[in-house]
Amino acid sequence: MAIGDKSGNAAVTNEAGSGGAAARSNDERYDPQRVETKWFERWKQDASLYAAERDSQKKKYYVLEMLPYPSGVLHMGHVRNYAIGDALARYMWMKGYNVLHPMGWDSFGLPAENAAISNHTPPREWTLGNIANMKAQMKRLGFAYDWSREVTTCLPDYYRWNQWFFLKLYEQGLVYRKKSKVNWCPKCATVLANEQVLGNGCCWRHDDTPVEQRELEQWFVRITKYAEELLLDLDQLKDWPEKVRTMQRNWVGRSEGTLVDFKLDGNGGPAGSSISVFTTRVDTIYGATSVQLAPEHPLVADFIRHNQPLEADVRKLIAEQRKAKETGDIGEIEKHGVNTHRFAVNPFSGEKIPIWIANYIVMDYGTGAIMSVPAHDERDYEFAKKYKLEVRLVILPIANDPEETMTEPQLPFVAHAGMTINSGRFSGLSCADAIRKMSAYAEEQGFGKATVTYRLKDWGISRQRYWGTPIPMLYCEKDGIVPVPEDQLPVLLPAKVDITLTGGSPLSKVSEFVNATCPKCGGPARRETDTMDTFVDSSWYFYRYTDAHNERAPFDGKVAQYWFPIDQYIGGVEHAILHLIYSRFWTKFMRDMGMITNDEPVERLFTQGMVIKDGAKMSKSLGNVVSPDDMIAQYGADAARLYSLFAAPPDRDLDWQDTGIEGIQRFLGRVYRFFVRQARPGDPEWQKPAPAELSPQARSIQRKLHQTIKRVSDDFQGRWHFNTCISAIMELVNVLYGAEEAIAQRLVPLALLGEVQRNVVLLLAPFAPYLAHELWEMLGEQGSVLHARWPEYDAALAQEEEIEIPVQVNGKLRGRIVVPAEAEEAFVIERALADEKVKAAVAGKQMVKKIYVPGKMVNLVAK
RNA sequence: GCGAAAGUGGCGGAAUUGGCAGACGCACCAGACUUAGGAUCUGGCGGGUAAAACCGUGGGGGUUCGAGUCCCCCCUUUCGCACCA
């Protein structure tokens, strides 16, 4: 076996500084720590290495990974996410684009406050320390970010623009103040985020204390103003995963229906009051035999006032409902209700029907009141059966045959198409027709109207917490709510704050912060002490990257216009709703303000799968966490990145296997050793382009090279199955190993060998930047491989000259023949029939059919 | 309950349009080199058989010359939604 020829070691001597074939095995050894440290130090010297160009003539490409929360250390999910984005960014650079690939920190949020409490570190210090740590990890991993555009949301130069946007929203009536229910722990005496309420409905710090619902004044962003557009524009987001679009569609939850007012029947109630009911099936209203109220419906309090014994029952219903909501099985709640012994009047029929309060009616959808039509709704049916309420059929199925008599359907009959009966003047109509006519009639008569209901609620952004953007509002006794004037921004978050979880918002106890002057009257005013939801920060951060140091505006619209929309956004599917819907809202709001021209922030969205180990998500409690630092120390950054791309297609979950990354490490070493043996940078012959005439063996190497370039390029353009890209490169390297003897015997022209090596480095560059840079230098190339041109494949060179065709007889594989790629059908069939095994298989049979699928296979059908 | 995705060797996965199932990698086995091997190189590796035949992509049916891929029914897993009126 010939392992390299001695002259090839010329490349090594300037590299490892040693010589002599005897020491070969040691010199050839790939030491990722040595190589990666070397390049890490070099890259550190050049801050502008990955900077996007300004005023570039090149086509732009904005690739973005979702910014992390600086929790302390990177985990493998981050590594995978950024490895995908980094590969794409590097590929696009090599394709000649002006690439924007920034990174930042979603650095406000609760964990910093918890850390402050548990280790007495100020949130700012803790957060900035984590950022420094994670940034160092990212650099060590070799991610090509333009750090000159780094955005840190917890710093005033960023959050002042949150405040500025808040003022703009306020000016336009898109932010308003409203009482709203919040989770309140009586022991902590503070508000809890939903995430801090345990499954049993208790406080996370006091697991024996049930959380109460309290009404608090909160700031709300009127995202519902854009509900329709947020829904409609989903159709344009063709390069978003269908799953995400569906989730957003459901989240917006548009539902067309009719509002109908049922007047309260006189005795004892407030005169003229009525119950507004939302229904999608007003055509069934003559079948309504009761009205059902949510236990938390405002009218219920009124009923209780007139009928005290009701209170206990209602409390029970509320408790049942809340518990079911908390445990997540509101769908399976056993239906309970209580009769108020009051009546409502069906405005269509004039009929008096009883009013009930039921635990399955929720206040936060529709109007919190329904008309109950047991005959045509499963839930109403179940309830009516239980409480012996009347079931009245008002829709019949439409018979296919007009002669056929309509039979009464089995109840409940949830009809989508049918004909109304027992419905007064609206009898005999199709359902669709009845809905249209009855809605119109209700509107005409002034007791209802067609309407659209959304599940989407306005976005409550007030948080009674310290580590967030202060809401720039003042409360003046004389002037009421007064916005902080723009020129007084930012409202700085005070550094010295005593963070405890008692007594409400930490800021409310900082008197220097709270006490302010009213800009209108000059009198004393009190500052808003709530801070903003951190989703505000992440709703527009990617615009800031385009103009990160602008001190006069969040960003320059012209600059943003060059870069937007984001060409490719990459992140976890867990952000499919909140972050991505708030971001879409913010873009539309900024567009309507005239700041930008794009309707949507993100052109293409990619959601990568989770990193799991031993079948479960990595978590400290399971003890199956793999630390990136350990992986870097043991195998190197390239190996960690490459493995996270190789182990599974990026959209699927990745099952981390420690032995798997060893295989990648082996592969990287294999590549390195081949180059150490075969690079001949000083040889002019090796630098030349490959000759046109090649031996079959040389030709097969060249063919494999072009096939590999094609496979890798196609995947970048299309389906992103980087796992198969990497296996394709492995195959190419395996071919090169198999050819070493031929190389030694000079059967492969040096010119081709050089060409193949240069291309192997280019193909590896997006995935394994450290090794690629090392090899590029080893090849004697000038400049960074990052700015080398991505190779183009030659279809003719990738083309096989001879192909192996499987021959089936009656669909079973019986033989293989080798034919020229361009062979005619008749020739191929003839050769197939001449094959010994095929002959044996068809012996004594009658040939029925001969099928040749060009270039693929032959199937002979014989009986 | 509704919706979506998935189910392929001992394992991760490949098969891009209906055309050789198991690429590539791991693990394992054998050989080479070696003072040594948890390094490296070479070969083998779905089941079955002496070799074939034959059997094999969750199960059952179907379409087709041909099905992992298309159609129907069922099972399992994961994710999302869920009295949404």
Side-chain angles (χ1 to χ4, degrees), chain A residues 1 3 24-26 28-29 241-244 246-247 249-251 253-255 257 277-281 292 294 321 324 328-335 358-362 364-373 377-380 382-383 453-455 573-574 576-577 609-610 612 615 643 646-649 651-664 666-667 669-670 673 711 714-715 718-719 721 723-731 733-734 737-738 740 804-813 815-816 848-862:
Chain A
M1 182 126 352
I3 309 276
R24 193 192 68 206
S25 64
N26 280 334
E28 284 183 3
R29 189 123 168 223
E242 189 52 48
K243 179 186 166 119
V244 173
T246 306
M247 282 165 76
R249 224 169 257 131
N250 293 339
W251 188 262
R254 185 182 195 275
S255 174
V277 152
F278 176 73
T279 176
T280 55
R281 296 301 301 271
Q292 304 281 345
Q321 185 175 88
D329 47 24
I330 182 120
E332 275 108 64
I333 190 173
E334 198 187 333
K335 291 181 180 51
N359 63 355
Y360 71 99
I361 309 299
V362 294
D364 52 14
Y365 185 78
T367 61
I370 64 152
M371 60 178 205
S372 178
V373 185
D377 184 288
E378 281 178 37
R379 297 155 296 173
D380 295 347
E382 188 188 333
F383 191 87
T453 295
Y454 297 92
R455 205 183 80 103
V573 74
E574 66 273 18
I577 297 181
M610 288 189 307
I612 59 175
Y643 179 64
F646 176 71
D651 53 336
R652 295 246 295 259
D653 284 352
L654 184 160
D655 192 350
W656 188 276
Q657 298 185 343
D658 290 335
T659 51
I661 192 172
E662 282 173 25
I664 289 295
R666 227 169 277 164
F667 165 67
R670 221 165 128 80
R673 287 188 300 276
R711 281 179 66 181
D714 285 355
D715 254 302
R719 55 175 204 164
H721 279 198
N723 54 331
T724 60
C725 291
I726 294 163
S727 30
I729 300 171
M730 286 173 171
E731 283 181 50
V733 170
N734 290 347
Y737 264 68
E740 281 199 286
E804 194 185 66
I805 300 277
V807 182
Q808 295 183 346
V809 176
N810 294 330
K812 298 210 177 208
L813 184 67
R816 298 168 204 276
V848 179
K849 213 179 202 180
K850 299 172 198 160
I851 297 157
Y852 174 53
V853 183
K856 299 275 190 188
M857 56 104 57
V858 170
N859 191 14
L860 303 170
V861 185

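Chain identifiers are assigned alphabetically (A, B, ...) following the order of the sequence lines, protein sequences preceding nucleic acid strands; residue numbering begins at 1 within each chain.
Listed pair A:S255 / B:A85 meets the phosphate criterion, a side-chain N or O lying under 4.0 Å from OP1 or OP2. Listed pair A:K849 / B:C65 meets the phosphate criterion, a side-chain N or O lying under 4.0 Å from OP1 or OP2. In terms of phosphate contacts, A:R249 brings no side-chain nitrogen or oxygen within less than 4.0 Å of OP1 or OP2 of B:G3.
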Start with the C-alpha gap between A:V848 and A:L860, add the side-chain angles, then the distance that decides, and say whether side chain to side chain contact (heavy atoms under 4.5 Å, CB included) holds.
CA-CA 8 Å; A:V848 179; A:L860 303 170; over 6 Å; no
Evaluate the criterion side chain to side chain contact (heavy atoms under 4.5 Å, CB included) for residue pair A:W656 and A:I612; output intermediate values, then yes/no.
CA-CA 6 Å; A:W656 188 276; A:I612 59 175; over 6 Å; no
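Atom name C1', nucleotides B:G10 and B:C29: the rounded distance is 13 Å, in whole Å. Taking atom P in both B:A21 and B:G66, the straight-line distance is 14 Å, to the nearest Å. As rounded to the nearest Å, B:U57 and B:G47 have P atoms that lie 15 Å from one another. Using C1' as the reference atom, B:U16 and B:A23 are 14 Å apart when rounded to the nearest Å. If you take atom P in B:G7 and the same atom in B:C70, they sit 11 Å apart, rounded to whole Å. Across B:G61 and B:A6, the matching P atoms stand 24 Å from one another, rounded to whole Å. The C1' atoms of B:U49 and B:U17 are separated by 37 Å, rounded to the nearest whole Å. Between B:G9 and B:C28, the two C1' atoms lie 13 Å apart (nearest whole Å).
Looking at every heavy atom in both residues, A:T367 comes nearest to A:F278 through OG1-N, 3.6 Å. Looking at every heavy atom in both residues, A:M371 comes nearest to A:D380 through O-OD2, 3.8 Å. Closest heavy-atom contact between A:P806 and A:L813: CB-CD1, 3.5 Å.
Rounding to whole angstrom units, CG of residue A:D658 and P of B:G12 are separated by 15 Å. Computed from coordinates, the A:N810 CG to B:G19 C1' distance equals 16 Å when rounded to whole Å. Separating the CG atom of A:D364 from the C1' atom of B:C83 is a distance of 12 Å, rounded to the nearest angstrom. We find that CG of A:L654 is positioned 16 Å from C1' of B:U78, with the value rounded to whole Å. Across the protein-nucleic acid pair, A:D380 atom CG and B:A85 atom P stand 12 Å apart, rounded to whole Å. The CD1 atom of A:I729 sits 16 Å away from the P atom of B:A14 (whole-angstrom rounding). Atom OH in A:Y360 sits roughly 9 Å away from atom C1' in B:A85 (whole-Å rounding). Computed from coordinates, the A:E378 CD to B:A85 C1' distance equals 13 Å when rounded to whole Å.
If you check every strand for non-hydrogen atoms under 4.0 Å, A:E382 touches nothing. Base engagement by A:I851 is indicated by at least one non-hydrogen atom pair under 4.0 Å involving a base atom. Using a 4.0 Å heavy-atom criterion, one finds that A:M247 contacts the sugar-phosphate atoms exclusively. Contact annotation for A:V853: base contact, defined as any heavy-atom pair under 4.0 Å involving a base atom. Contact annotation for A:K812: backbone-only contact, meaning every heavy-atom pair under 4.0 Å involves sugar-phosphate atoms and none involves a base.
Remark: the A:R670 side chain and the A:N734 side chain contain an N/O donor-acceptor pair separated by less than 3.5 Å.
Distance from the side chain of A:R455 is smallest to B:C84 among B:C84, B:G13, B:C83. Distances from the side chain of A:R719 to the nucleotides B:A14, B:A85, B:C83 place B:A14 closest. Comparing B:A85, B:G19, B:G12 by their closest approach to the side chain of A:M857 singles out B:G19. For A:Y365, the side-chain atoms get nearest to B:C84 when compared with the rest of B:C84, B:A15, B:A14.
Ring orientation note: the planes of A:F383 and A:Y360 are tilted relative to one another, at an angle of 30° to 60°.
Residues A:R281 and A:V373 are not in side-chain contact: their nearest non-hydrogen atoms beyond the backbone lie 4.5 Å or more apart. A heavy-atom distance below 4.5 Å is found between the side chains of A:R719 and A:T724.
Base orientation for B:G9: syn, the chi torsion being within 90° of 0.
In terms of position on RNA chain B, the residue among A:I805 and A:D653 whose nearest nucleotide sits closer to the 5' end is A:D653. Taking for each of A:M610 and A:T367 the nucleotide of RNA chain B with the nearest heavy atom, the 5'-most of the two is the partner of A:M610.
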In B/S/- notation (B base, S sugar-phosphate only, - none; protein heavy atoms under 4.0 Å), nucleotides 23-29 of chain B written 5' to 3' is BBSSS--
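Panel note: side chain A:Q321, backbone A:I361; a donor-acceptor pair is recorded below 3.5 Å. Distance alone, capped at 3.5 Å, places no donor-acceptor pair between the A:N723 side chain and the A:F646 backbone.
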When Watson-Crick pairs (N1 to N3 and N6-O4 or O6-N4) and G-U wobble pairs (N1-O2 and O6-N3) count only below 3.5 Å on both distances, what is the dot-bracket string of RNA chain B, with | for other-strand pairs?
(((((((..(((......[....))).(((((.......))))).((......))..(((((..]....))))))))))))....
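Salt-bridge formation is not detected for the pair A:R711/A:D715: no Lys NZ or Arg NE/NH1/NH2 atom is positioned less than 4.0 Å from an Asp or Glu carboxylate oxygen.
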